[in-house]
Amino acid sequence: MDTTSQPMKVVDIAPVAARLLGTPEATGTSEAAGGPDATEAPTASSLVEEAVRASGGRLTDLAAFCLDRLRAREARRPVLRDPWDAPAPGDPLDALTPSERLAFVLHEDFAVPYDTIAPLVTLTPAATRRLVARARRRVEGTEELPAPDPERQREVVTAFLAAARANDLDGLLALLDPDAVLRADAEAVRNGAAPAHGAAAVAHRVAGRVREARTALVNGAAGLLWTAEDGEPKAVLRFTVLEGRVTAVDALADEAHLSRLALAPLPT
């Protein structure tokens, strides 16, 4: 049965929502549900009921609701975490990015096929299979960071710069992981950078705002560099690129941060 378009019974979809969202405390939903001045956080059951109502019993709508909630939690973290950060103590699922959590829970806990999950996370079925495998390794604590691919990173960063200069949102979205994060140090924030979570949010933050940047080597990997008139580095965008997609962008402008970076021209 095609559960992406046909309603599932509430008795079936409610456990999916509960597993995807976790507890209200873990999901950080009190502000999202009741605003910053809310005095009562929703209970786990009320959160699941809200998800079921919002979904209308459709898996596609449930997935969208849960992804929105999980990404909102990420955006409210005091420091946005890189998808490769070590998992914190607690629920192993909290070590996963929102897309990983969605794909992993649907496939591993509820046997939803990869073909059904793929459009929910905007990936191909093959890429979805790899996403679930990566999530499984992270949950099991056996994940290892893949070997760097400097040439692929250079291609991605060069394409990213071209798309951002052209204000090409579609081009940026094609290069960004669905759960990409943009982080910024204090000086970068003062200069106008703003943290963001999710491909669309990151794309909108950078589109049309990097015209004066140029590609450079940042700690041996391709990144973007702004320089002052005297040639001294003024700001840097450092990229994490995994499997051909940007998973994290760090906007660095604090002098203390810049002084610790190895910066060099990108070889032609």
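Positions are given from 1 along the sequence.
Counting only distance, with no hydrogens or angles, the side chain of Arg205 and the backbone of Leu182 share no donor-acceptor pair below 3.5 Å. A donor-acceptor pair is defined here as one N or O able to donate and one able to accept, closer than 3.5 Å; no such pair exists between the side chain of Asp254 and the backbone of His257. Under a 3.5 Å cut-off, the side chain of His107 and the backbone N or O of Ala103 do not form any donor-acceptor pair. With hydrogens and angles disregarded, a donor-acceptor distance shorter than 3.5 Å links the side chain of Arg165 to the backbone of Ala213. With Asp250 contributing its side chain and Arg183 its backbone, the two residues share no donor-acceptor pair below 3.5 Å. Distance alone, capped at 3.5 Å, is enough to place a donor-acceptor pair between the Gln153 side chain and the Ala222 backbone. Under a 3.5 Å cut-off, the side chain of Glu100 and the backbone N or O of Asp179 do not form any donor-acceptor pair. Not a single donor-acceptor pair under 3.5 Å links the side chain of Arg129 to the backbone N or O of Pro125. Under a 3.5 Å cut-off, the side chain of Ser55 and the backbone N or O of Val52 do form a donor-acceptor pair. The closest donor-acceptor contact from the side chain of Thr122 to the backbone of Pro119 lies at 3.5 Å or more, if one exists at all.
Distance check, rounded to the nearest 0.5 Å: CG of Leu123 to OH of Tyr114 gives 12.5 Å. Put simply, CZ on Arg154 and CG on Leu217 are 8.0 Å apart, with the number rounded to the nearest 0.5 Å. Here the straight-line distance linking atom CG of Leu131 with atom CG of Leu96 works out to 9.0 Å at 0.5 Å rounding. In this structure, CG on Leu62 lies 4.5 Å from CD1 on Ile13, to the nearest 0.5 angstrom. Distance CG/Leu266 to OG1/Thr158: 6.5 Å, rounded to 0.5 Å. Once rounded to the nearest 0.5 Å, the distance linking CD of Glu108 with CZ of Arg136 reads 4.0 Å.
Ion pairing between a basic and an acidic side chain is recognised when a charged N comes within 4.0 Å of a carboxylate O; Glu140 and Arg137 show no such pairing. We find that Asp177 and Arg245 are not joined by a salt bridge, their nearest charged nitrogen and carboxylate oxygen being 4.0 Å or further apart. Using a 4.0 Å cut-off between charged side-chain N and carboxylate O, Asp149 and Arg152 make no salt bridge.
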- [ ] Show your reasoning for whether side-chain contact (heavy atoms from CB on, under 4.5 Å) applies to Arg69 and Glu50.
- [x] CA-CA 11 Å; Arg69 282 302 181 93; Glu50 182 184 356; 2.8 Å; yes
Derivation and outcome, side-chain contact (heavy atoms from CB on, under 4.5 Å), residues Val218 and Leu252 | CA-CA 11 Å; Val218 180; Leu252 305 174; over 6 Å; no
### Message
Determine whether Phe104 and Arg134 satisfy the following criterion, side-chain contact (heavy atoms from CB on, under 4.5 Å), listing intermediate values before the conclusion.
### Response
CA-CA 9 Å; Phe104 179 82; Arg134 190 172 74 193; over 6 Å; no
Exercise. Test side-chain contact (heavy atoms from CB on, under 4.5 Å) on Leu161 and Arg211 and set out the steps.
Key: CA-CA 8 Å; Leu161 176 59; Arg211 290 188 174 89; over 6 Å; no
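Atom CD of Glu255 has 12 or fewer heavy atoms from other residues, nucleotides or ligands within 6.0 Å.
Between Leu224 and Val236 the shortest side-chain heavy-atom distance does not fall below 4.5 Å. The side-chain heavy atoms of Thr60 and Leu120, taken from C-beta on, include a pair separated by under 4.5 Å. For the pair Phe160/Val210, no side-chain contact is recorded, criterion being any heavy-atom separation below 4.5 Å from C-beta on. Counting only heavy atoms from C-beta outward, the side chains of Thr240 and Val246 never approach each other to under 4.5 Å. Between Thr227 and Glu212, the closest side-chain pair of non-hydrogen atoms is not below 4.5 Å. Between Phe239 and Thr247 there is no side-chain heavy-atom pair separated by less than 4.5 Å. Side-chain contact between Leu67 and Leu102: present, with at least one pair of heavy atoms (C-beta onward) separated by less than 4.5 Å. In this structure, Val249 and Val181 have side chains that are not in contact, with every pair of non-hydrogen atoms separated by 4.5 Å or more.
The two residues Leu258 and Ala235 come nearest to each other via the heavy atoms CD1-N, 4.3 Å.
Residues Leu237 and Val157 are members of one and the same hydrophobic cluster, defined by side-chain heavy-atom contacts under 4.5 angstrom among Ile, Leu, Val, Met, Phe, Trp and Tyr.
In summary, of the residues considered (Thr116, Thr128, Val132, Val112), a side chain to side chain contact (heavy atoms under 4.5 Å, CB included) with Leu106 occurs for Val112 alone.
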